[in-house]
Amino acid sequence: MTGQETVTIKGTVDSVTYRNDDNGFGVVVLDYQGDPLNVVGELGNVEEGEDLELTGVFVRHPKFGDQFRADVCVRSLPAEASAIQRYLAGGVVKGIGPVMAKKLVACFGDKTLEIMENSSDRLTEVEGITPAKASSFAEEFKKVMGFRTLLMFFTKARIPALYGIRAWKKYAENALELIERNPYILCSVSIELPFLKAEEIAREKGVPDDSSFRLSAGIKYILEENADAGHTCLPKDRLLQLASKLLSVGEDVISSEIEKQVEEENLYIYLKKDRPFVMLREYFVAEDYIAGRLGIMNSLSYDTGINYDEVIDIAEEENGIEYAEKQREAINTALSKGFMVLTGGPGTGKTTTLNAIISLFTQQGLKTLICAPTGRAAKRVSDLTGREAKTIHRLLGVKAGGEIAGFEHNENNLLDCDVVIVDEMSMVDSLLFEALLRALPIDCKLIMVGDSDQLPSVGAGNVLHDIIESKTVPVIRLTEIFRQALESAIVTNAHLIVRGEMPELDNSKDFFFLQRLEFEPAAELTVDLCLERLPKAYGLDPISDIQVLSPTRKGPLGTVELNKRLQEALNPPSRQKSEIKTFLYTFRTGDKVMQTKNDYEIEWKKESEKGAGIFNGDIGIITRLNRLLGEIEINFDGRVAIYNIEMLENVELAYAATVHKSQGSEFDAVILPILGGYDKLYFRNLLYTAVTRAKKLLVIVGSKNRLKFMVENNRRMNRYTCLKQMLTEQAYGSFEDEAEK
């Protein structure tokens with residue numbers, strides 16, 4: 001009895017095999033037409049003895065046989081005495097176990113639950129139940145009924161039980177009343193129901209179009225959507241247009257609501273060149289704090305005026321290195337001022353310069369901490385410097401729990417250090433940089449290292465770019481390409497691209513261009529390169545050594561379609577591999593996957609170490625998959641985390657990844673298909689970022705004309721932020737970028 005036809009069945013819960021109270025996922029054995037049937041799905045906190053009406057499909061599991069995958073679960077309290085006794089004996093009501101359940105049912109029979117709900121004073125008729133116990137049982141049963149009613153509300157609205165559980169955790173027995181009055185509270189932090197889903201509930205409840213609840217939620221939704229695209233603010237006139245269109249009300253109504261939210265300090269307005277920009281509270285606080293804190297650090301990190309040329313000469317002799325003029329300037333600035341940005345493209349000696357700075361700080365007895373935004377970036381800088389480097393999250397110590405993720409280290413628990421070096425600064429977003437600055441001692445030296453020509457951070461903000469453009473922090477820009485780096489066509493072509501010149505496409509030893517002018521041949525070649533040609537020619541592992549990058553998610557050469565093709569080639573289905581299907585992908589054991597959203601509460605283990613937090617862009621391998629329990633084990637470079645099905649909404653296949661998601665990572669070989677696509681996504685610094693992800697080998701598949709278009713399209717990744725202006729206003733001095741003199 002299997003198939004994909006949606007049907008509705010009824011039965012009684014015989015036993016609960018598995019239940020996750022955090023997201024509502026469960027596995028139960030249902031007494032269905034006299035036979036046991038395994039049921040999986042978001043069933044809520046179902047108990048033995050409950051009657052269920054389930055809508056879903058019958059499926060066949062290779063190991064566990066016939067199952068029913070439920071999409072909708074409508075629950076009824078047990079009506080018969082025997083079922084009621086099993087229900088209460090399971091511990092659903094605190095204080096009632098098998099013995100007390102038997103006594104209650106013996107006394108009240110089929111009316112037991114009705115009496116508990118409506119005539120709790122009668123419970124004292126049962127031997128051993130005092131008035132105080134009766135009151136306690138009634139109160140606990142009221143909570144159980146409230147939770148059930150809330151989950152039923154979500155079921156009828158066809159909203160996953162996860163959101164109902166989150167709402168109950170936040171508002172408890174007041175949840176339903178508050179939701180009935182204002183459905184948009186479900187969009188709040190820690191519940192995070194999508195705004196458009198809350199709109200459906202609001203329509204059913206008759207919430208007026210001009211309700212302040214609706215207007216404020218819609219405005220916040222637009223700002224959050226744009227924050228996901230990298231903007232920390234929006235021009236007020238642009239926000240008025242977008243909100244008016246989304247909410248179907250006049251711009252004057254929207255403007256009034258914005259003013260109200262500003263008065264309540266839920267939103268902030270910042271004037272940038274006399275144009276008002278609207279900001280969510282967290283981004284205003286972050287950028288304002290960054291500007292103020294960098295200004296203070298700059299004033300305290302006064303230049304000692306000491307010339308360290310002799311020290312640098314000794315370092316040159318000891319290390320057998322001759323530093324270039326700009327490298328010497330960078331080392332001198334780091335030692336004399338201890339507050340600067342070091343930037344430059346590939347092959348310009350950033351790592352050599354950084355190693356000298358770290359070594360000399362250590363010789364001075366300064367405790368130096370090195371960090372980077374991602375695990376891969378931290379590992380890379382650790383390998384290059386030979387010193388321990390941590391992710392910024394790990395350095396600060398993720399503190400899970402609460403509505404908003406926090407860190408162990410902050411202004412009340414500062415990091416123990418004299419110097420902090422941040423590598424891959426272009427990847428650091430506004431909120432993360434704010435958190436780092438809050439944890440630094442006020443007199444701490446700060447060296448920020450990054451390539452300003454790369455794409456900005458995945459998270460909202462354009463921190464490195466804004467700091468450099470503000471001219472309020474010393475910036476040393478390395479431009480000379482060293483002889484050894486010149487031997488790599490990847491390096492030389494990257495510099496040609498950033499200057500707006502076409503790369504050399506003569507298929508040198510590490511940079512190849514293979515022309516394909518149609519999507520299907522280009523996709524087939526991409527898969528063949530990954531599966532056969534590069535592994536055979538260079539001994540590369542298709543999973544760990546090769547990464548396919550694409551400018552876009554959509555289209556025949558976007559990551560979604562390429563991932564499906566690559567998965568079929570590199571990790572095809574088999575009877576030995578368990579699978580779980582989601583809306584977009586089928587995940588199976590052995591798949592290469594990526595986390596797409598910061599999750600500070602996912603717990604992980606790494607040998608004897610334990611921690612929390614898996615972050616946007618982290619890549620891992622599915623090492624175990626239990627379809628019956630809905631559990632997936634993913635290994636992220638040694639950190640092993642357990643996911644449930646609901647959490648997979650923030651996971652995607654990673655055989656192919658967008659260029660944005662690859663920031664901070666390097667791969668032995670990169671395959672880059674470039675053909676067709678949305679013009680606004682095909683621009684120069686995206687191409688530059690993609691090329692510089694390749695460590696040993698780069699293969700571009702596609703069209704020379706499209707490649708030329710990208711080189712010439714220098715629109716960059718423009719973002720709305722206020723940090724540059726804030727830095728200028730709060731600056732304690734001005735520094736002109738030497739490269740611009």
Side-chain angles (χ1 to χ4, degrees), residues 23 160 162 192 194 225 228-230 374-376 427 455 457-459 523 526-527 530 542-544 546-573 577-602 604 613-625 627 630-637 639-665 667 670-673 677-678 681 686 689-690 693:
N23 58 30
L162 168 69
E192 298 179 351
E225 286 287 294
D228 287 342
T374 67
R376 285 174 174 261
M427 295 179 61
L455 292 171
S457 57
V458 174
T526 298
V527 173
C530 200
I543 304 293
S544 60
I546 303 172
Q547 183 63 53
V548 176
L549 298 180
S550 174
T552 179
R553 286 177 52 81
K554 298 178 180 179
L557 291 178
T559 58
V560 173
E561 288 304 315
L562 285 176
N563 267 317
K564 291 176 181 177
R565 285 176 177 260
L566 289 163
Q567 182 194 43
E568 186 67 24
L570 299 173
N571 191 29
K577 298 175 186 175
S578 295
E579 293 185 353
I580 287 181
K581 292 185 178 181
T582 64
F583 174 74
L584 195 59
Y585 291 119
T586 295
F587 294 101
R588 63 179 63 103
T589 307
D591 273 336
K592 182 179 182 180
V593 295
M594 176 186 287
Q595 177 78 9
T596 61
K597 182 180 180 182
N598 287 349
D599 192 324
Y600 295 87
E601 296 197 3
I602 297 178
W604 52 262
I614 300 294
F615 305 106
N616 193 353
D618 284 354
I619 293 177
I621 302 293
I622 296 177
T623 49
R624 182 173 58 83
L625 193 153
R627 183 173 170 180
E631 285 188 351
I632 303 94
E633 180 183 271
I634 306 178
N635 187 323
F636 294 93
D637 288 328
R639 293 173 300 147
V640 179
I642 304 297
Y643 282 61
N644 56 54
I645 290 178
E646 191 66 37
M647 293 157 69
L648 288 179
E649 69 179 7
N650 296 324
V651 174
E652 61 185 29
L653 293 176
Y655 301 102
T658 62
V659 178
H660 289 82
K661 296 287 189 182
S662 72
Q663 289 172 261
S665 298
F667 309 95
V670 167
I671 303 169
L672 179 63
Y678 187 44
L681 289 176
L686 185 140
T689 301
R693 297 311 88 206

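- Between Ile580 and Ile645, some side-chain heavy-atom pair lies under the 4.5 Å cut-off.
- Contact check for Val458 versus Met427: no side-chain heavy atoms found under the 4.5 Å cut-off.
- Taking each heavy atom of Phe667 and Ser662 in turn, the nearest pair found is CE1-CB, 4.2 Å.
- Residues passing the salt bridge (charged side-chain N to carboxylate O under 4.0 Å, His left out) test with Glu579, sequence neighbours excluded: Arg588.
- In this structure, Thr623 and Thr589 have side chains that are not in contact, with every pair of non-hydrogen atoms separated by 4.5 Å or more.
- In this structure a side-chain-to-backbone donor-acceptor pair under 3.5 Å is present from Arg693 to Ser665.
- Note that CD of Gln663 is 10.0 Å distant from CG of Asn616, once rounded to the nearest 0.5 Å.
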- Task: Given side chain to side chain contact (heavy atoms under 4.5 Å, CB included), test His660 with Leu686 step by step and report yes or no.
- Result: CA-CA 8 Å; His660 289 82; Leu686 185 140; 3.6 Å; yes
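- Val593 is not listed as a side-chain neighbour of Ile621, based on a closest heavy-atom distance of 4.5 Å or more.
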- Could you please spell out the steps behind the side chain to side chain contact (heavy atoms under 4.5 Å, CB included) verdict for Trp604 and Val640? CA-CA 5 Å; Trp604 52 262; Val640 179; 5.9 Å; no
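- Distance check, rounded to the nearest 0.5 Å: CE of Met647 to CD of Glu631 gives 10.0 Å.
- Nearest heavy atom pair, residue Lys661 against residue Thr596, reads NZ-O, 3.6 Å.
- The minimum heavy-atom distance linking Pro551 with Pro673 is given by the pair CD-O, 3.8 Å.
- The shortest non-hydrogen separation linking Ile671 to Cys530 is CD1-N, 3.9 Å.
- The shortest non-hydrogen separation linking Met594 to Ala657 is CE-CB, 3.8 Å.
- Remark: the Tyr655 side chain and the Glu568 side chain contain no N/O donor-acceptor pair separated by less than 3.5 Å.
- For Asp591, there are no salt bridge (charged side-chain N to carboxylate O under 4.0 Å, His left out) partners two or more places apart in sequence or in a different chain.
- Atom-to-atom distance recorded for Phe587:CZ and Lys577:NZ is 15.0 Å, nearest 0.5 angstrom.
- The line from CG of Leu570 to CG of Leu653 is 11.0 Å long, rounded to the nearest 0.5 Å.
- Taking each heavy atom of Leu549 and Ala690 in turn, the nearest pair found is CD1-O, 4.2 Å.
- Counting heavy atoms from C-beta outward, Arg624 and Ser578 have side chains that stay 4.5 Å or more apart.
- The residues Arg376 and Asp618 are annotated as not salt-bridged, no charged nitrogen and carboxylate oxygen being separated by less than 4.0 angstrom.
- With no hydrogens or angles considered, a side-chain donor-acceptor pair links Lys592 and Gln547 at under 3.5 Å.
- The CD atom of Gln567 lies 9.0 Å from the OH atom of Tyr585; values are rounded to the nearest 0.5 Å.
- Of the candidates Leu566, Asn563, Leu557, Val548 forms a side chain to side chain contact (heavy atoms under 4.5 Å, CB included) with just one, namely Leu566.
- When each of Val670, Thr552, Thr559, Leu455 is checked for a side chain to side chain contact (heavy atoms under 4.5 Å, CB included) with Val659, only Leu455 meets the rule.
- Between Tyr643 and Phe636, the ring planes are tilted. Angles from 30° to 60° get that label.
- Ionic pairing of Arg553 and Glu652 is present here: one or more N-O contacts between side-chain nitrogen and carboxylate oxygen are shorter than 4.0 angstrom.
- The side-chain heavy atoms of Ser550 and Thr658, taken from C-beta on, include no pair separated by under 4.5 Å.
- Within the 4.5 Å cutoff, the side chain of Leu648 has heavy atoms near those of the Ile632 side chain.
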